[in-house]
Enquirer: 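One structure, pasted below without further comment.
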Amino acid sequence: MQGPSSSVRLARVSTDPVGLEVIRERGVDVEPTLAQLRQLEIETPSWGYGDSGTRFHVYPWPGAARTVHERITDAALVHRLTGACPSVAIHIPWDRVDDWSELVQFAESQGIRIGAVNPNLFQEDVYRLGSFCNPDPDVRRQALDHCLECVEIAGAVGSSIVSLWLADGTNYPGQDDLRGRFRHLVDGLGELYAALPDGVKLLVEYKFFEPAFYATDLPDWGTAALVCCKLGPRAQVLVDTGHHALSTNIEQIVALLLEEGLLGGFHFNSRKYADDDLIVGSIDPFELFRIMNEIVAAKLDPSTASVADEIAFMIDQSHNVEGKLEAMIQSVVNIQTAFAKALLIDRNHLREVQKAGDVLVAHRALVDAYETDVRPLLVALRAASNLPSDPVEAFRSSGHAERLARERA
Ligand code: RM4
Ligand code: MN
Ligand code: MN
């Protein structure tokens, strides 16, 4: 039977202390590495817990969350099992409620908090020709008002991030004035930026395709960075790993944004062909590791450490054919794994061989860390916090999926 009750046997993660010894023998200081791993917080998205699908069909998943309270409950369960996900991002209007303080308290009672507030500028009929870039000033005003409401919501829920993705763009050459649209964008976001209270950041996401087919108005990291520079220091770029052309070097984008103090956060997911929103690290775990390598390097560099330490690690996924909760837990594990591997890179050795121009040895230094089994580290991390050594397995064997399917029938 397809569904959460299927009893697939999963490989047990080794709790063998020998694994940790192997890591120690590489010269890795295990305790500080565990301390770094413990600091990694990953925000999960409310919209990742509900049913989702493609434009062809949405397959209902037994027990999938249906309300904002259920989505928060699920996010809290992911946090309880992983210890790494203390906040949940919300999407407005999907998660809008009348009483925000009730929702804040509910999240607290579940052991998590509300994180980034994501405006929705793509589901109203008026946005056919765009939101902030729409040729009609009334529509632009509506988009701005919606975002201003999201700023207020951020205040009401104690969130420090408003995270913006525009579906704006054009389908045909000549359809609209590209420079004019950019001007509207900068003007509108300027008003939004001016309304941000202290301590709230605006993260600007880019995507080079979809839903517009000819030109999207924030197509790439360069455009997003340019807009952020025009706005001010509390506007930063959000890198959604599914929003690039095939074979784009995402880690180089990450490196440059870090260097310029412009990297605000991530929307992690994996893609094969388009904006597939698959489990992060499922298609190309080496890419995820390469991104983490740049982040760890930036954390160790005094000129970029503060930016790197402030990065908001968020997941943006929709799970169409798999169980939502276990997909989210697996995603968290994949991010932790990539980060742990990046922490193992011998940076001094790497710098030396880079300086010496030893191309192959430098490359091997990276690959060597990537190929190291970091599961013993993650098991040790979890053991120290009384967490299950394999949170996916713990979810499966605990009966949560069956319980939720019953309760939400
Ligand atoms: C977009 C983008 C946004 C997300 C929406 C649902 O492709 O990734 O971040 O909020 O999808
Ligand atoms: Mn996204
Ligand atoms: Mn996306």
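Whatever order the structure lists them in is the order used to number ligands and atoms, beginning at 1.
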Enquirer: Can you confirm whether Trp221 sits close enough to Tyr206 that some side-chain heavy atom of one is under 4.5 Å from a side-chain heavy atom of the other?
Expert: yes
Enquirer: Is it the case that over 12 heavy atoms from other parts of the model lie below 6.0 angstrom from the CZ atom of Arg364?
Expert: no
Enquirer: Any chance you could measure Leu40, atom CG, to Leu343, atom CG, to the nearest 0.5 Å?
Expert: 8.5 Å
Enquirer: Side chains of His184 and Arg181: any donor to acceptor distance under 3.5 Å?
Expert: no
Enquirer: Quick check on ring-ring contact (aromatic ring centres under 6.0 Å, His included): which of Trp47, Phe122, Phe132 does Trp165 satisfy it with?
Expert: Phe122
Enquirer: Evaluate the side-chain proximity of Phe395 to Val392: yes if any heavy-atom separation is below 4.5 Å, no if none is.
Expert: no
Enquirer: I'd like to verify the contacts: list protein N, O or S atoms under a distance of 2.8 Å from the Mn ion (ligand 3).
Expert: His243 NE2, Asp275 OD2
Enquirer: Can the ring centres of His319 and Tyr49 be said to be less than 6.0 Å apart?
Expert: no
Enquirer: Does this structure show an ion pair linking Asp368 with Arg26, if we count only N-O contacts that are shorter than 4.0 Å?
Expert: yes
Enquirer: List the steps and the verdict of salt bridge (Lys or Arg N to Asp or Glu O under 4.0 Å) for Arg271 and Asp275.
Expert: CA-CA 6 Å; Arg271 59 80 62 94; Asp275 191 18; over 6 Å; no
Enquirer: What are the distances between nitrogen or oxygen atoms of ligand 1 and protein nitrogen or oxygen atoms, counting only those under 3.5 Å?
Expert:
| residue | atom | partner | partner atom | Å |
| --- | --- | --- | --- | --- |
| ligand 1 | 7 (O) | Lys207 | NZ | 3.1 |
| ligand 1 | 7 (O) | His243 | NE2 | 3.4 |
| ligand 1 | 7 (O) | Asp275 | OD2 | 2.9 |
| ligand 1 | 8 (O) | Glu205 | OE2 | 2.9 |
| ligand 1 | 8 (O) | Asp240 | OD2 | 3.1 |
| ligand 1 | 8 (O) | His243 | NE2 | 3.1 |
| ligand 1 | 8 (O) | Asp316 | OD2 | 2.8 |
| ligand 1 | 9 (O) | Glu205 | OE1 | 2.8 |
| ligand 1 | 9 (O) | Glu205 | OE2 | 2.8 |
| ligand 1 | 9 (O) | His267 | ND1 | 3.2 |
| ligand 1 | 9 (O) | Asp316 | OD2 | 3.1 |
| ligand 1 | 10 (O) | His91 | NE2 | 2.9 |

